[in-house]
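First the structure, in the form of structure tokens, and then the observations on it.
Since the structure is predicted, the reported quantities are computational estimates derived from the model, not experimental observations. By convention here, the first residue in the shown sequence is residue 1.
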Amino acid sequence: VQLQASRGGLVQAGGSLRLSCAASGLTFSRYTMGWFRQAPGKEREFVAAISWWRGGTYYADSVKGRFTFSRDNAKNTVYLQMNNLNSEDTAVYYCAASTSSNGRSLRQYVLWGQGTLVTVSS
């Protein structure tokens, strides 16, 4: 069972970046998928989630309107489109899987991918 996130990168403020996370070894369509991030010196925080139940999406207030989370069950992959990035978005991003119907809390997630670094330069 594995979650494999795409490589992050360096982007200028105001720019865009898309992260993906491919799952293997699980019934992907029955898992809520989430993205969390952890900035230096800070706790890991919720970014976005997409439910296995009807694909409902949930976003942190800090990214709402800028980030879009989608899933492709045929490819066992989720995508996080990040637009209008700013320096506060700089963090290590983690994808995760949960059996809950929604997932804003770290405790709801049972499987984590490796982190991928996103750096936004001002």
Practice task
Check for a donor-acceptor pair, side chain of R66 on one end and backbone N or O of S62 on the other, with a separation under 3.5 Å.
Solution key: yes
Problem - Heavy-atom closest pair, residues G8 and T116 - result: N-OG1, 2.6 Å
Exercise for the section: First locate atom CZ of R37, then atom CD of E88, and finally report the distance between them rounded to the nearest 0.5 Å. Expected result: 8.0 Å
Problem - Exceeds 12 heavy-atom contacts within 6.0 angstrom, atom CD of E45 - result: yes
Exercise for the section: Please check if the side chain of T77 supplies one atom and the backbone of D72 the other of a donor-acceptor pair under 3.5 Å. Expected result: no
Exercise for the section: Taking all non-hydrogen atoms of both residues into account, name the closest pair between N73 and S29 and its distance. Expected result: ND2-CB, 3.8 Å
Practice task
Specify the closest pair of heavy atoms between A5 and C95, including all atoms of both residues, with the distance to one decimal.
Solution key: CB-SG, 4.3 Å
Completion exercise
Heavy-atom nearest pair, V120 first then D89, reads CG2-CB, 4.2 Å
Handout entry: Side-chain heavy atoms of V63 within contact of M82, under 4.5 Å
Key = no
Fill in the blank from the handout: Rounded to the nearest 0.5 angstrom, the CD-OH distance for Q114 and Y93 is 15.5 Å
Practice task
Find out if a path of hydrophobic residues (ILVMFWY) with successive side-chain heavy-atom gaps under 4.5 Å connects V11 to Y79.
Solution key: no
Problem - Approximate separation, where rounding is to 0.5 Å, of I50 CD1 and N102 CG - result: 12.5 Å
Problem - Point-to-point distance, once rounded to the nearest 0.5 Å, from OG of S98 to CG of L111 - result: 10.5 Å
Exercise for the section: Give the C-alpha distance, both sets of side-chain angles, the deciding distance and a yes or no for side-chain contact (heavy atoms from CB on, under 4.5 Å) between S20 and K75. Expected result: CA-CA 11 Å; S20 63; K75 295 183 178 180; over 6 Å; no
Practice task
May I ask you to test the F69-M33 pair for a side-chain heavy-atom distance under 4.5 Å?
Solution key: yes
Problem - Side-chain hydrophobic cluster, 4.5 Å single linkage: members besides Y109 - result: F36, F46, Y58, V92, Y94, L106, W112, L117
Handout entry: Within-4.5 Å side-chain heavy-atom neighbours: W52 and R71
Key = yes
Practice task
Decide yes or no for F67 and L85: does some side-chain heavy atom of the first lie under 4.5 Å from some side-chain heavy atom of the second?
Solution key: yes
Problem - Where A48 and L80 come nearest, the two heavy atoms and their spacing - result: CB-CD1, 4.3 Å
Problem - Same apolar cluster (I L V M F W Y, side chains within < 4.5 Å links), V1/Y31 - result: yes
Practice task
Answer yes or no: is there a side-chain heavy-atom contact under 4.5 Å between Q108 and T32?
Solution key: no
Exercise for the section: Mind listing the closest non-hydrogen atom pair of S16 and N83 along with its distance? Expected result: OG-OD1, 2.9 Å
